[in-house]
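Data first, discussion second: the structure below is written as structure tokens.
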Amino acid sequence: MLYLWVKALHVISIIAWMAGLLYLPRLFVYHCETAPGSESSERFKVMERRLLRAIMNPAMGAAYLFGIAMIVMEPAWMKQGWLHAKLLFVLGLTGTHMMMARWRKDFEADRNTRPQRFFRMWNEAPTLLMIGIVIFVIVKPF
């Protein structure tokens, strides 16, 4: 029964993390439309900071914590290829998260030089990684 609770908490954490990974680059797209230092720009800075610090960072930490707990509870998984593939894609999500955190700092300091198109394209990366992760976990192709 404990395993099922840990699994449920892992899924909840992933949902919250993914929501942030999908929403933050969308905020960046809209933030690009504002003049640095404007009231709108300052509002976006607050929204981006709160999303990253209050939702995304804790959700990512919880996802890792509960994911590691599940592996500890089922150590035989470490010998299965699907888990290795999933973990590689999770590292991709983590890298994406870290890049978004760096981009947020650029916006915060009014030094973003990237166009909307850049953030629109990066908005797709978490989705593609998530699709891979779901396939690895559910289908277990190897």
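One is the number of the first residue; the rest follow in order along the sequence.
Trp122 CH2 to Thr96 OG1: the interatomic distance, rounded to the nearest 0.5 Å, is 5.0 Å. Atoms CZ and CE, from Phe107 and Met47 in turn, are 12.5 Å apart once rounded to the nearest 0.5 Å. Put simply, CD1 on Ile133 and CD1 on Ile138 are 12.0 Å apart, with the number rounded to the nearest 0.5 Å. In this structure, the separation between CD1 on Ile15 and NE2 on His10 is 10.5 Å, given to the nearest 0.5 Å. The distance from the CE atom of Met130 to the CG atom of Leu22 is 6.5 Å, given to the nearest 0.5 Å. Within the model, atoms CZ of Phe28 and CG of Asn112 stand 8.5 Å from one another, a figure rounded to the nearest 0.5 Å.
More than 12 heavy atoms of other residues, nucleotides or ligands lie within 6.0 Å of CD in Glu33, so this atom counts as buried by the packing criterion. For Arg111, the CZ atom sits in a packed shell: over 12 heavy atoms of surrounding residues, nucleotides or ligands are nearer than 6.0 Å. A 6.0 Å sphere centred on CZ of Arg50 holds no more than 12 heavy atoms belonging to other residues, nucleotides or ligands. Around atom CH2 of Trp5, no more than 12 heavy atoms belonging to other residues, nucleotides or ligands sit under 6.0 Å away. Atom NZ of Lys105 sits in a sparse spot, with 12 or fewer heavy atoms from other residues, nucleotides or ligands closer than 6.0 Å.
Ring-centre distance between Phe89 and Phe136: below the 6.0 Å cut-off. Aromatic pair Phe119/Trp103: ring centres closer than 6.0 Å.
The heavy-atom pair separating Asn123 from Pro25 by the smallest distance is OD1-CG, 3.1 Å. Contact record, Leu21 with Met100: O-CE, 3.4 Å, taken as the closest heavy-atom pair. Closest approach of Phe142 and Gly81 over heavy atoms only: CE1-O, 3.4 Å. Taking all atoms of both residues into account, the shortest heavy-atom contact from Ala63 to Ile14 is CB-CD1, 3.5 Å. In terms of heavy atoms, Cys32 sits closest to Gln116 at CB-CG, 3.6 Å. Counting all heavy atoms, side chain and backbone alike, Ala59 lies closest to Ala16 at CB-CB, 3.8 Å.
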Go through the steps for Leu24 and His97 under the test side-chain contact (heavy atoms from CB on, under 4.5 Å), then give the verdict. CA-CA 10 Å; Leu24 189 57; His97 179 116; over 6 Å; no
I would like to know whether Arg114 and Asp106 meet side-chain contact (heavy atoms from CB on, under 4.5 Å); could you show each step before the answer? CA-CA 10 Å; Arg114 294 174 183 87; Asp106 288 344; 3.2 Å; yes
Tell me, with the steps shown, if Arg104 and His31 meet side-chain contact (heavy atoms from CB on, under 4.5 Å). CA-CA 10 Å; Arg104 188 201 66 79; His31 199 159; over 6 Å; no
Walk me through it: do Ile55 and Tyr23 pass the test side-chain contact (heavy atoms from CB on, under 4.5 Å)? CA-CA 11 Å; Ile55 296 172; Tyr23 187 46; over 6 Å; no
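Looking at heavy atoms from C-beta onward, Leu87 lies out of side-chain contact with Leu91 at the 4.5 angstrom threshold. Leu83 places a side-chain heavy atom less than 4.5 Å from the side chain of Ile71. Phe44 has its side chain out of reach of Ser41: every pair of non-hydrogen atoms, C-beta onward, lies at least 4.5 Å apart. Side-chain atoms of Met56 and Met60, non-hydrogen and from C-beta on, never get closer than 4.5 Å to each other. Looking only at side-chain heavy atoms (C-beta outward), Val6 and Tyr3 stay at 4.5 Å or farther from each other. No side-chain heavy atom of Lys7 sits less than 4.5 Å from a side-chain heavy atom of Met73.
Residues Trp77 and Phe66 share a hydrophobic cluster, clusters being chains of Ile/Leu/Val/Met/Phe/Trp/Tyr side chains in contact below 4.5 Å. Taking hydrophobic clusters as Ile, Leu, Val, Met, Phe, Trp and Tyr residues chained together by side-chain heavy-atom distances below 4.5 Å, Leu128 does not share a cluster with Val134. Linking Ile, Leu, Val, Met, Phe, Trp and Tyr residues whenever their side-chain heavy atoms come within less than 4.5 Å leaves Tyr30 and Met121 in two separate clusters. Hydrophobic clustering (side-chain heavy atoms under 4.5 Å, transitive across Ile, Leu, Val, Met, Phe, Trp, Tyr) keeps Val137 apart from Val11. Leu9 and Leu4 fall within the same hydrophobic cluster, where Ile, Leu, Val, Met, Phe, Trp and Tyr residues are linked whenever their side-chain heavy atoms come under 4.5 Å apart, directly or through other members.
Between Lys45 and Glu48 there is no salt bridge, since none of the side-chain N atoms of the basic residue sits less than 4.0 Å from a carboxylate O of the acidic one.
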